[in-house]
Each structure stands twice: as C-alpha cells, then as structure tokens.
Amino acid sequence: MATAGKVIKCKAAVAWEPNKPLVIEDIEVAPPQANEVRIKIVATGVCHTDLYHLFEGMHKDGFPAVLGHEGAGIVESVGPGVTEFQPGDKVIPLFISQCRECRFCKSPKSNQCEKGWTADRYDVMALADSRFTCKGKKVLQFMGTSTFSQYTVVNQMAVAKIDPSAPLDKVCLLGCGICTGYGAAVNTAKVEPGSTCAVFGLGAVGLAAVMGCKAAGAKKIFAVDINPEKFEKAKVFGATDFVNPKDYDKPISQVLAEMTNGGVDYSLECVGNVGVMRSALESCVKGWGVSVLVGWTDLHDFAARPIQLIAGRTWKGSLFGGFKSKDGVPGMVKAYLDKKVKLDEFITHKMTLDQVNDAIELMKHGKCIRTILSVSPQ
C-alpha cells in the first residue's frame, strides 16, 4: 500500500484524562516495527471495560490513551519478521496475546500468555510504549489494541486472521464480549447437558453466557438482572426463566435455591460487582456447584464464608472465556458464519466514531447491549 513505511495521520477518540468525554483528534500512527502489524480498523464495539478504565479504574498512568478493544479491520502493512499476515488480510486485534512459546501458551490448562500488556501493567491496562502520538505527546495503547482509532499497530502475537468473507461490523464483537461470556460457560464452567444455570447480569457478556449455557445443553437457564426489560432479549439467547432480585425481600441465592431444589449447578457473574459475585457463589448447589467470575474489576476484595467452598462448591475465574486468542477467535468467526453462534442479535445501535461519547452514555445508562461504531470505510 502507498502508506506502507510512512506515518499515517488519522482520526482517533482520545481519552486525555479520566472521567471526561473522549475527544476526536488527528493523531499520528507510526509504521509497524519488528513483529508488528498496522491495521485499518473498520468497526468496533463499545464494551464496559472501556468505561471501567475511564470512570472506575481511572489509573493516573493510564492516560492519555485511545480506548477500544473490540474491533476488526484490514491489515495495511506489516513490520520486519511478520510472515503470518499480509496487507489486505481481515483480522481481529486481540487484548490477550498468544505467543505460543511461553509456559502458559504451551499448557492446555490456560489461555494466559506471558507477553503483552497483561504481563506487568494489567492495572494500568496499557504498555508504556505505543505507536501513537497526538499534539506532540505519546498516547497510550489501551489493552494492546486501541480500536477507537482508524489505524492501530499491534504485535503479531495479538492478531487473529479471520475468514475473508466475515462481515467486520459483526465479528468485531468476538474481540471481547461475546467470546468472554460464551467461553465462560463452555470452556471455564464446562456446563453439562441437562444442567441448571444462573447468569447474573444481562449485558452483552451475560447474554453471551446464556447463549453458551444453551449451546452446552443446559435445561434451565435463569437470567438474573434488576432490569426487567432485558428478559425478552435473554429469551432470544436461550434463557428459560427471569429473576429480578428487586421482586423479593430475601437474598437472590435463597430464591434460586428454592426454585432449584438447593441451588443451580452453574452460575456465572457477568457484572464485575463483588457483592454479586458472592450471591452467584451462594446460588450454587453444595457438593458440585461451580461459580465463575466473568465481570472485569480490580477495585475491591471479594468475600465468602469458607463453608461455601468446604461444602463442595468451586469458585473460578474466566478471562476472555478461556479461549486461546489466536486459535479461538477464528473458530468463533467460523461458528458465526455457520450460524452456530449469534452476533447480529447483540447489536442494538450503529454509530460513527464521532458519536463515541453518545455510545458511551448509552452503555453507562444500560440503554444498549452493543453499539457498533463505524471507524473507517472499508
């Protein structure tokens, strides 16, 4: 491409400081260095983790940054040493790398990787180095991806090549939320056919967890949320029952225990709230109940009574649904193309990058499931 090897000037939504609206700026994106890929981002979803960094985490060393980590695009150019990708490839940038060489990548037990931003700056949610500058200042790359920019540069170990027929404005959702929820049910909880499940929180991640429970053959799926408007949507993904904690004057764990003869086999917490995490654990049946923490947070300790675990429950965590990123994402794209997983049904709004603050407001107030931002023309 004519831009290969040159600095690209393009539009990006920059978070200059915490708790403030993003600003659409002209930024410079340097060419990819060794083992890096420069990607033209076509579409991106807005995920709660972007809001977490902006409004909750607010780490002083995490700004200025370009947010966004749920995108899809087309390779513009590659740096020295890159053999897996070439200009024109359709790709999804990944917030979890897969170097295929570290002990985590070599183990079938985990999808963690020792490389990438998670290795030593997970609290800041960005590496110290980036290829972005704006007004003479270095701008950080959020979660190693920064998809609220028309161009981004990503290490090749954090890029998945996908089917060229995949619609980028749909499969971008597989960069985070949908894989996270679906995989938490299928890979982490390992939901079994005929089981009962409860999913706490019906945002995109929770609805994807419902979809995963159904795909795994659960016979009863309780969708738990304080917003009753979300139940019709949850039904689309396979929920059988809706429970609103506000409708009861006793703990939700007790309500579910009474409905299920002692508790559900599996529960998934998809909110990122430590109180809800405890409720989800206590909603599991003793003896074999499994509860999975899926919602992203690192602000507070969580607590439970030891007897809950001594009695045979298991408490687990799931990052990106347990998918090894470079292997798992192309498989999920194929599953979507084969109509085995839903994506279109998650999309409630479509906007442009200029409207990113409107999209953030919608999510903040629970008025959307996923808003897709059109970032660059294809």
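What's counted below: heavy atoms across the whole structure, side chains too, no hydrogens, waters or symmetry copies.
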So, do [X] and [Y] sit near enough that their side-chain heavy atoms are less than 4.5 Å apart?
X	Y	answer
Tyr151	Cys10	yes
Thr371	Leu373	yes
Arg370	Cys47	yes
Ile178	Leu343	yes
Phe95	Ser325	no
Glu114	Arg103	yes
Ile27	Thr133	no
Gln98	Cys113	no

Nearest atoms (heavy-atom pairs only) where Asp50 meets Leu67: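 Residues Asp50 and Leu67, closest heavy atoms: O-CD1, 3.7 Å.
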
From OG1 (Thr49) to CD (Glu56), nearest 0.5 Å: 9.5 Å

From CG (Leu207) to CD1 (Ile369), nearest 0.5 Å: 5.0 Å

Using a 3.5 Å distance criterion without hydrogens, assess whether the side chain of [X] forms a donor-acceptor pair with backbone atoms of [Y].
X	Y	value
Asn35	Gln156	no
Ser376	Ile41	yes
Asp265	Thr196	yes
Gln141	Val153	yes
Asp89	Val91	no
Thr348	Cys368	no
Ser195	Glu192	yes

Over-ring placement of Lys342 relative to Tyr336, 6.0 Å and 45° cut-offs: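 Output no; distance or angle outside limits.
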
Step-by-step salt bridge (Lys or Arg N to Asp or Glu O under 4.0 Å) determination, Glu282 to Arg305: CA-CA 9 Å; Glu282 292 174 348; Arg305 291 293 176 90; over 6 Å; no

If you link ILVMFWY side chains whenever their heavy atoms are less than 4.5 Å apart, which other residues fall into the same cluster as [X]? By chain and number, please.
X	answer
Phe222	Phe200, Val224, Val243, Tyr248, Ile252, Val255, Leu256, Met259, Val264, Val271, Val276
Ile310	Ile307
Trp288	Val285

Salt bridge (Lys or Arg N to Asp or Glu O under 4.0 Å) evaluation trace for Asp26 with Lys9: CA-CA 6 Å; Asp26 290 308; Lys9 290 188 173 175; over 6 Å; no

Results of salt bridge (Lys or Arg N to Asp or Glu O under 4.0 Å) for Lys324 - residues two or more places apart only: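 Here no residue qualifies.
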
Can a donor-acceptor pair be found between the side chains of [X] and [Y] at a distance below 3.5 Å?
X	Y	value
Asn155	Glu36	no
Ser165	Asp163	yes
Thr152	Ser146	no
Gln355	Thr352	yes
Glu70	Thr147	no

Whether Phe142 and His69 hold their rings parallel, tilted or perpendicular, with breakpoints at 30° and 60°: perpendicular

Can you list everything that forms a side chain to side chain contact (heavy atoms under 4.5 Å, CB included) with [X]? Sequence neighbours excluded, please.
X	result
Asp249	none
Glu17	Lys20
Val210	Val199, Leu202, Ile221, Phe237, Ala239
Lys286	Ala311, Arg313

Qualifying residue for salt bridge (Lys or Arg N to Asp or Glu O under 4.0 Å) with Glu25, from Lys137, Lys11, Lys135: Lys135

Are [Y] and [X] co-members of a hydrophobic cluster defined by side-chain heavy atoms under 4.5 Å apart?
X	Y	result
Tyr52	Met277	no
Val274	Leu51	no
Val290	Trp315	no
Phe302	Trp296	no

Results of side chain to side chain donor-acceptor pair (under 3.5 Å) for [X] - residues two or more places apart only:
X	answer
Gln86	none
Glu269	none
Arg38	Glu76
Glu101	none

Pair Asp225-Lys233, salt bridge (Lys or Arg N to Asp or Glu O under 4.0 Å): steps then yes or no: CA-CA 12 Å; Asp225 201 293; Lys233 200 73 174 176; over 6 Å; no

Over 12 non-hydrogen atoms of neighbours within 6.0 angstrom of NZ in Lys161: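 Buried by this count: over 12 neighbours within 6.0 Å.
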
